[in-house]
Amino acid sequence: MIDPNILRTDPDRIRESQRRRGESVEVVDLLIAADIAKRSSAQEFDDLRNQQKVLGKQMGPLQGALKKATDDATKAQAQSEVDALMEQATILADAVKAADAHADEVARTADKLWLQISNLVNLDSPVGGEADFTILDVVGEPRDFTKEGFEPKDHLDIGEHLDAIDTVRGAKVSGSRFFYLKGIGAQLEFALLNLAMQQAVSNGFIPMITPAIVLPSAMEGTGFLGQAAENVYRLEEDDVYLVGTSEVPLAAYHSDEIIDVNQLPIRYAGWSSCFRREAGSYGKDTRGIIRVHQFDKVEMFVFTTPDQAEAEHQRLLQWERDFIEALEIPYRVIDVATGDLGSSASRKFDIEAWIPTQGAYREITSTSNTNEFQARRLKIRMRDGDKTSPLATLNGTLCAMPRIIVAIFENHQQADGSVRIPKALQPFLGGKTSFTPPA
RNA sequence: GGCGAGGUGGCGGAGCGGCCGAUCGCAGCCGCCUUGAAAGCGGCCGUGGGGAAACUCACCGGGGGUUCAAAUCCCUCCCUCGCCGCCA
C-alpha cells in the first residue's frame with residue numbers, strides 16, 4: 001500500500017497514477033470517504049471505551065467499600081452506589097460493543113479498498129499498455145545466420161538434439177508446459193546457478209534458498225493476490241500458495257520487523273523453484289520452454305532506504321546486464337509502460353534477449369522498484385534514530401533458467417548442431433567449450 | 001499423527017479478573033562521577049492509530065467467547081520445545 005497521508009493531502013497524485021495504469025480512478029473517491037468514516041467511527045469507539053474505562057476504575061474501590069462496610073446504613077449506601085454504577089456500566093458496555101463492531105466494519109471496508117490501489121507509478125515511466133514501452137538501450141549484434149550459411153534451429157530442436165530438454169515426457173508425466181532438463185541441460189542449469197551466485201556474492205548479496213510455499217499473508221503482502229492472482233497456484237487443502245518467484249519469501253523474510261538503518265542495504269540472492277499457472281496464455285509460446293509452469297530462478301532482492309531506491313534500481317539493472325553480457329547474449333533494455341507494471345512496481349525495466357528463430361527480443365529478466373509499497377503491506381520498517389518508517393524494497397531477476405537456456409542455445413548454436421559455451425560459463429562446466437550430443 | 005510443557009517489550013523473566021501497556025534484570029541511550037575507562041549513582045528506554053496539543057485508543061502468538069471490566073477465565077487454531085510413533 002502507499003502512504004495514507006498522500007490520500008489525505010494529494011489524492012490527485014493517486015488518481016493520476018491509477019489513470020496512467022489504466023486502473024480504477026473512482027476507487028480513490030470511495031477510499032477517501034471510507035478513510036474519513038474509518039477515522040470518525042474509531043474516534044467514537046475511543047470515546048466510549050474511555051468512558052467505560054473511567055467507570056471501571058471506580059468499580060473496584062467501591063466494591064471494596066461495600067465488602068468492608070460494617071453497619072447497615074453504610075452498607076446500603078455503598079450497595080446503591082454499586083448498583084447505580086453497574087447500571088450505567090451495563091448500558092455503556094452495549095454501546096461500546098456496538099461502536100466496536102461498527103468501527104471494525106468500516107475499517108475493513110477501507111482496508112479492502114486500500115488493497116485495490118496499486119503503487120504510485122513513477123512519472124518517468126512511459127504511459128500506456130504492454131506495447132508502449134520505451135527502448136533504453138540495445139546491446140550486442142544479433143548473428144546473421146544467412147551470412148553464416150545455415151538456418152538456425154530453435155531451442156527445442158537444439159535441446160532435443162543434445163538430449164538436454166525433454167518436453168514430451170514432461171507433458172506425459174506432468175501435463176503441458178512441463179519439461180525435464182537432462183544431461184547437458186541439467187549441468188547447464190547448475191553452471192548458470194553457480195555463475196549467478198558467484199556474481200551475486202561478489203556484489204554483496206547473501207545467498208538464500210527459500211521456501212517455495214508461503215502463507216496467504218506473504219502472497220498478499222507482496223501484491224500477488226491482486227490482478228496477478230489468476231497466475232498463482234493455491235493449495236486449497238492447506239490454504240497456502242506456491243510462489244511464482246522467490247521475491248515473495250525474500251520480501252516476507254523481514255515482515256513485521258524493524259531494521260536499523262545502518263544495516264541497509266540488505267541484499268539477498270534467492271534460489272527457488274517458481275510456479276506459474278499461465279492462465280490466459282493459451283496458445284502463447286506453446287513450443288519449448290519459454291513459458292512453463294515450473295522453473296528455477298535466481299532472484300535479487302534488496303531492502304534499502306527510500307531515498308536510495310532509484311539508485312539501487314539502476315544497480316540491479318546493471319547487475320542483470322553484467323550477467324547477460326557475460327553470457328554473450330544480444331539484448332535490449334526496455335522501460336516498461338505504466339499499464340504493464342503490476343500492482344507493486346512504480347517502475348520496471350525488462351531485459352529482452354534476442355531470440356534468432358523468432359526474430360524478436362523476448363523478456364528474460366525484470367527489475368522492479370516497489371518503493372515502500374510492499375514494505376507497508378508486510379510491515380517492514382527501518383529505525384533511523386528515534387524514528388521508524390517504511391523502507392524500500394526492490395527486486396530483479398538474475399537468472400531465470402529456461403529463458404536463459406533458450407537464449408544460450410539459440411544464440412550460440414553452430415552449423416554442426418553443437419552449442420558454443422560462453423567463456424564465463426566454461427569454468428563451471430569443467431572447462432568444456434561446447435555442448436555436443438551425447439555419444 | 002499421539003501425549004506433555006510453553007508462547008508476555010531487543011533478550012531474560014514476573015504478573016490474586018479491576019490499582020497492568022504491564023514489576024524486575026540484562027542490553028541500549030543521556031547525564032553525574034573520572035585525566036580516560038570500568039564500577040557506582042540518577043534519568044530515559046515497545047509498536048501502531050487518532051489529535052495542533054493536552055491527551056486518548058489498540059496491541060501480552062492468531063481468532064472467537066464469558067464479564068460492568070480479560071495478559072489473567074473458557075473455546076479454537078497456529079507456532080516452539082520435549083517424549084513416542086512413522087518417514088526421509
Side-chain angles (χ1 to χ4, degrees), chain A residues 1-9 31-68 78-115 209 211-221 235-241 249 252-264 266 303 372-391:
Chain A
M1 83 183 274
I2 60 177
D3 186 348
N5 276 320
I6 297 175
L7 182 76
R8 291 159 203 167
T9 58
L31 187 55
I32 288 172
D35 183 58
I36 291 168
K38 176 180 169 178
R39 279 185 289 169
S40 72
S41 64
Q43 194 60 53
E44 270 172 52
F45 167 74
D46 274 12
D47 292 344
L48 285 168
R49 181 74 172 141
N50 182 234
Q51 289 177 42
Q52 186 182 37
K53 281 187 158 181
V54 169
L55 223 59
K57 284 210 167 97
Q58 302 167 23
M59 192 72 77
L62 218 51
Q63 284 185 333
L66 176 60
K67 244 180 219 163
K68 269 190 239 152
Q79 183 66 55
S80 80
E81 277 178 40
V82 167
D83 287 349
L85 202 60
M86 198 63 98
E87 194 186 336
Q88 263 189 79
T90 307
I91 294 166
L92 204 51
D94 286 341
V96 167
K97 212 172 215 175
D100 191 17
H102 180 246
D104 261 10
E105 192 190 319
V106 172
R108 254 200 306 277
T109 303
D111 293 347
K112 242 189 269 166
L113 286 169
W114 268 119
L115 290 181
I209 299 174
I213 290 180
V214 298
L215 299 174
S217 51
M219 267 304 175
E220 183 83 69
L235 304 186
E236 179 94 41
E237 188 73 14
D238 299 290
D239 193 20
V240 291
Y241 296 90
Y253 184 70
H254 287 299
S255 54
D256 292 312
E257 294 181 17
I258 300 173
I259 298 170
D260 194 291
V261 73
N262 295 315
Q263 297 187 1
L264 301 174
I266 300 175
F303 298 85
E372 298 125 87
F373 186 81
Q374 289 178 332
R376 273 216 168 72
R377 289 184 169 209
L378 291 166
K379 299 189 173 63
I380 309 171
R381 286 159 298 183
M382 57 182 189
R383 186 190 311 284
D384 189 0
D386 54 1
K387 276 196 312 246
T388 63
S389 54
L391 47 69

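A note on names: the letters A, B, ... follow the listed sequences, proteins ahead of strands, and every chain is numbered from 1.
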Chi angles and distances behind the side-chain contact (heavy atoms from CB on, under 4.5 Å) call for A:V214, A:V240: CA-CA 6 Å; A:V214 298; A:V240 291; over 6 Å; no

Nearest-nucleotide comparison on RNA chain B, the residue closer to the 5′ end among A:R39 and A:A89: A:R39

Nucleotide nearest A:F45 (side chain, heavy atoms from C-beta), chosen from B:rC57, B:rU47, B:rC68: B:rC57

Neighbour count above 12 (heavy atom, 6.0 Å) for A:E87 CD: no

Any A:T388 side-chain N or O less than 4.0 Å from OP1/OP2 of B:rG48: yes

Whole-Å distance separating the CG atom of A:L48 from the C1' atom of B:rU56: 13 Å

Rounded distance (Å) that lies between atom P of B:rU47 and atom CG of A:D256: 14 Å

Separation between the P atoms of B:rG42 and B:rU47, rounded to whole Å: 25 Å

Listed nucleotide nearest any side-chain atom of A:R49, set B:rC68, B:rA69, B:rG50: B:rA69

Point-to-point distance, once rounded to the nearest 0.5 Å, from CZ of A:R376 to CG of A:L391: 10.5 Å

Atom-pair distance (CG on A:L92; P on B:rG18), nearest Å: 20 Å

Same-atom distance (C1') from B:rG82 to B:rG10, integer angstrom: 27 Å

Of the listed nucleotides B:rG51, B:rG48, B:rA69, the one nearest the side chain of A:R381: B:rG48

Distance, rounded to the nearest Å, where A:L378 contributes CG and B:rG48 contributes P: 16 Å

Sugar-phosphate only, base, or nothing, as touched by A:K53 at under 4.0 Å among non-hydrogen atoms: sugar-phosphate

Interatomic distance at C1', B:rG9 relative to B:rC26, whole Å: 13 Å

Whole-angstrom distance between B:rU76 and B:rC81, as gauged at atom P: 23 Å

Donor-acceptor side-chain pairing of A:Q374 and A:R377 below 3.5 angstrom: no

Crowding at CD1, A:I209 (>12 non-hydrogen neighbours, <6.0 Å): no

Inter-residue atom distance A:D35.CG - A:T109.OG1, 0.5 Å rounding: 12.0 Å

B:rC73 - base-pair partner by Watson-Crick or wobble geometry, distances under 3.5 Å: B:rG65

Sugar-phosphate, base or nothing in reach of A:A42, heavy atoms under 4.0 Å: nothing

Short side-chain N/O contact to B:rG48 OP1/OP2 from A:K387, under 4.0 Å: no

side-chain N/O A:R383 vs B:rG10 OP1/OP2, d < 4.0 Å: no

Residue A:N50, side-chain atoms from C-beta onward, closest of B:rU47, B:rC57, B:rG50: B:rC57

Pairing nucleotide - B:rU47, Watson-Crick or G-U, each distance under 3.5 Å: B:rA58

Distance between C1' atoms of B:rC32 and B:rA38 (Å, rounded): 15 Å

Counterpart base for B:rC79, defined by Watson-Crick or G-U wobble contacts under 3.5 Å: B:rG6

P-based separation of B:rC75 from B:rC3 [nearest Å]: 15 Å

Closest nucleotide among B:rG50, B:rU47, B:rC57 to the A:D46 side chain: B:rC57

Rounded distance (nearest 0.5 Å) linking atom CE of A:M86 with atom CG of A:L55: 10.0 Å

Pairwise P distance for B:rU8 and B:rC86, with rounding to whole Å: 34 Å

Any A:K97 side-chain nitrogen or oxygen under 4.0 Å from OP1 or OP2 of B:rU66: yes

Contact nearer the 5' end of RNA chain B, comparing A:Q52 with A:R8: A:R8

Under 3.5 Å on both distances, the Watson-Crick or G-U partner of B:rA27: none

Salt bridge (charged side-chain N to carboxylate O under 4.0 Å, His left out) evaluation trace for A:K38 with A:D111: CA-CA 9 Å; A:K38 176 180 169 178; A:D111 293 347; 3.4 Å; yes

Nearest to side-chain heavy atoms of A:M86, which nucleotide of B:rC68, B:rA58, B:rG51: B:rC68

B:rC60 and B:rC73, which share atom name P, separated by this distance in whole Å: 14 Å

A:D239 CG to B:rG62 P, straight-line distance once rounded to whole Å: 19 Å

Nearest-Å distance for atom pair CG/P, residues A:D47 and B:rC57: 9 Å

Spacing between A:Q43 atom CD and B:rG50 atom P, to the nearest angstrom: 10 Å

Atom-to-atom span, CG of A:D104 to P of B:rG49 - whole angstrom: 17 Å

